[in-house]
Asker: 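Here it is: the structure, laid out below.
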Amino acid sequence: NGANDFLTKPYSNEEFNCRIIHNIETFEHIQEIKNLAYTDHLTGIPNRLSFNERAQSTLAHSNEAGTPLCMAVIDLDNFKDINDNYGHDAGDAVLIEFSNILSQSFNRFILARSSGEEFYLMLNGLTLDKAHRLLENFRALVEDRIITLRDASVGITFSAGLVENNNYALEQLLKDADQQLLTAKENGRNQICCDQL
């Protein structure tokens, strides 16, 4: 019936209170482990595992209801240069700052750090045109931001691939968005590419 502990009668109030506290601590530990499993350790935003679970559910609902949804894959431009010139601590600081800006700008959508300097963003409820305008405003915001490091200040830009859902599976959406990202990189970076605009 879902019980995980029991007391035999007669029992003391002290034992009852100890069992309650123990069970509360167990629930808190389980929640902490879950948070660790679903959160990127460096940036504090959701990780790929968390994204996949939430995105699958949201995509299934979008496909069933016929509501618009777009997928973006975002990658910081020339990130290796930051690590090479300023060190990995500086690279970490840039990733943290970018993640904060991304999270603040898109907190109502599903986002995650995929790996390294790559991020996923699912824009549920938005058509391709609206998603593109929103991402373009975000691109301009990031381009104007100066990140202060310990020994220097750096500016960053990103490239993104954006696609609209047409009853695709999540893997196909990510693959198509990644292909658009590759086009953005090849076309000079600091831009958002999508094939229908």
Side-chain angles (χ1 to χ4, degrees), residues 35-55 70-107 109-123 126 128 131-164 168-197:
N35 288 341
L36 289 171
Y38 284 90
T39 305
D40 179 63
H41 71 281
L42 175 66
T43 63
I45 67 171
N47 62 16
R48 190 173 187 161
L49 176 63
S50 172
F51 179 86
N52 285 343
E53 288 190 11
R54 292 184 62 206
C70 292
M71 175 68 70
V73 177
I74 298 168
D75 190 80
L76 295 180
D77 296 326
N78 303 309
F79 184 72
K80 185 179 181 302
D81 293 346
I82 293 172
N83 280 334
D84 291 347
N85 294 330
Y86 304 104
H88 289 280
D89 287 345
D92 288 351
V94 167
L95 287 172
I96 291 167
E97 180 71 17
F98 179 78
S99 296
N100 288 339
I101 304 167
L102 182 69
S103 184
Q104 289 167 8
S105 299
F106 295 100
N107 61 1
F109 298 107
I110 302 170
L111 60 89
R113 180 181 176 206
S114 167
S115 62
E117 67 273 18
E118 187 175 87
F119 298 82
Y120 291 162
L121 178 61
M122 178 177 270
L123 300 147
L126 296 186
L128 189 66
H132 186 269
R133 274 186 274 139
L134 200 60
L135 265 176
E136 182 57 37
N137 290 340
F138 178 66
R139 187 204 59 75
L141 173 75
V142 170
E143 183 181 36
D144 289 342
R145 180 73 61 104
I146 299 297
I147 299 174
T148 304
L149 306 173
R150 188 174 9 187
D151 300 323
S153 296
V154 296
I156 59 168
T157 60
F158 70 84
S159 300
L162 178 67
V163 294
E164 189 169 28
Y168 295 141
L170 181 59
E171 296 76 20
Q172 186 63 49
L173 271 177
L174 289 170
K175 182 179 176 184
D176 292 350
D178 202 50
Q179 189 59 48
Q180 292 299 320
L181 170 63
L182 186 61
T183 302
K185 294 283 189 183
E186 289 172 348
N187 288 346
R189 298 181 173 88
N190 192 23
Q191 58 187 277
I192 297 142
C193 278
C194 48
D195 59 358
Q196 298 175 29
L197 289 178

Asker: Can you tell me how far apart CD (Glu117) and CG (Asn78) are? Round to the nearest 0.5 Å.
Answerer: 10.0 Å
Asker: With sequence neighbours left out, write down each residue that passes salt bridge (Lys or Arg N to Asp or Glu O under 4.0 Å) with Glu53, or none if nothing qualifies.
Answerer: none
Asker: So Phe51 and Ile110, side chain to side chain contact (heavy atoms under 4.5 Å, CB included) or not? Walk me through it.
Answerer: CA-CA 7 Å; Phe51 179 86; Ile110 302 170; 3.5 Å; yes
Asker: Looking at Glu136 and Arg139, is there a salt bridge between them, counting it only when a charged N and a carboxylate O are closer than 4.0 Å?
Answerer: yes
Asker: Going by heavy atoms in the side chains, are Val94 and Leu149 under 4.5 Å from each other?
Answerer: yes
Asker: From Leu128 CG over to Cys70 SG, what is the distance, rounded to the nearest 0.5 angstrom?
Answerer: 5.0 Å
Asker: Measure the CZ-CG distance between Arg133 and Leu126 for me, rounded to the nearest 0.5 Å.
Answerer: 9.5 Å
Asker: Do Gln180 and Asp176 have side-chain N/O donor and acceptor atoms under 3.5 Å apart?
Answerer: no
Asker: Rounded to the nearest 0.5 Å, what separation is found between the CD1 atom of Ile156 and the CD1 atom of Ile146?
Answerer: 9.5 Å
Asker: Atom CD in Glu118, atom CG in Asp178: separation rounded to 0.5 Å?
Answerer: 5.5 Å
Asker: Classify the ring geometry of Phe138 against Phe106: parallel below 30°, tilted from 30° to 60°, perpendicular beyond 60°.
Answerer: perpendicular
Asker: Would Arg145 and Glu97 pass as an ion pair if we require N to O under 4.0 Å?
Answerer: yes
Asker: Decide side chain to side chain contact (heavy atoms under 4.5 Å, CB included) for Phe158 and Asp75; before the verdict, give the C-alpha distance in whole Å, the side-chain angles of both, and the deciding distance to 0.1 Å.
Answerer: CA-CA 6 Å; Phe158 70 84; Asp75 190 80; over 6 Å; no
Asker: Any side-chain heavy-atom pair from Met71 and Leu170 closer than 4.5 angstrom?
Answerer: yes
Asker: From Ile192 CD1 over to Leu135 CG, what is the distance, rounded to the nearest 0.5 angstrom?
Answerer: 4.5 Å
Asker: Which residues satisfy the side-chain contact (heavy atoms from CB on, under 4.5 Å) test with Ser50, sequence neighbours excluded?
Answerer: Tyr38, Pro46, Asn47, Arg54
Asker: If every non-hydrogen atom of Phe109 is compared with every non-hydrogen atom of Met122, which pair is closest and at what distance?
Answerer: CB-O, 3.3 Å
Asker: Could you pull out all residues at least two apart from Asp77 that satisfy side-chain contact (heavy atoms from CB on, under 4.5 Å)?
Answerer: Thr157, Ser159, Lys185, Arg189, Asn190
Asker: Applying side chain to side chain contact (heavy atoms under 4.5 Å, CB included), run through Phe79 and Leu95 and close with a yes or a no.
Answerer: CA-CA 9 Å; Phe79 184 72; Leu95 287 172; 3.6 Å; yes
Asker: Could you go through Gln104 and Asn100, starting from their C-alpha distance and side-chain angles, then the distance that decides it, and tell me whether this counts as side-chain hydrogen bond (donor to acceptor under 3.5 Å, both in side chains)?
Answerer: CA-CA 6 Å; Gln104 289 167 8; Asn100 288 339; 5.7 Å; no
Asker: Among all residues two or more places apart in sequence or in another chain, which pass the side-chain contact (heavy atoms from CB on, under 4.5 Å) test with Ser99?
Answerer: Thr43, Ile45, Phe119
Asker: Who are the side-chain contact (heavy atoms from CB on, under 4.5 Å) partners of Asn187, not counting sequence neighbours?
Answerer: Thr183, Gln191, Cys193
Asker: Run the numbers on Ile74 and Phe98 for side chain to side chain contact (heavy atoms under 4.5 Å, CB included), then give the verdict.
Answerer: CA-CA 11 Å; Ile74 298 168; Phe98 179 78; 3.8 Å; yes
Asker: Under a 4.0 Å threshold between the charged nitrogen and the carboxylate oxygen, would Glu171 count as salt-bridged to Lys175?
Answerer: no
Asker: Anything under 3.5 Å between a donor and an acceptor, one on a side chain of residues 84-92, the other on a protein residue two or more places apart or in another chain? List them.
Answerer:
residue, atom, partner, partner atom, Å
Asp84, OD2, Lys80, NZ, 2.7
Asn85, ND2, Asp81, O, 3.1

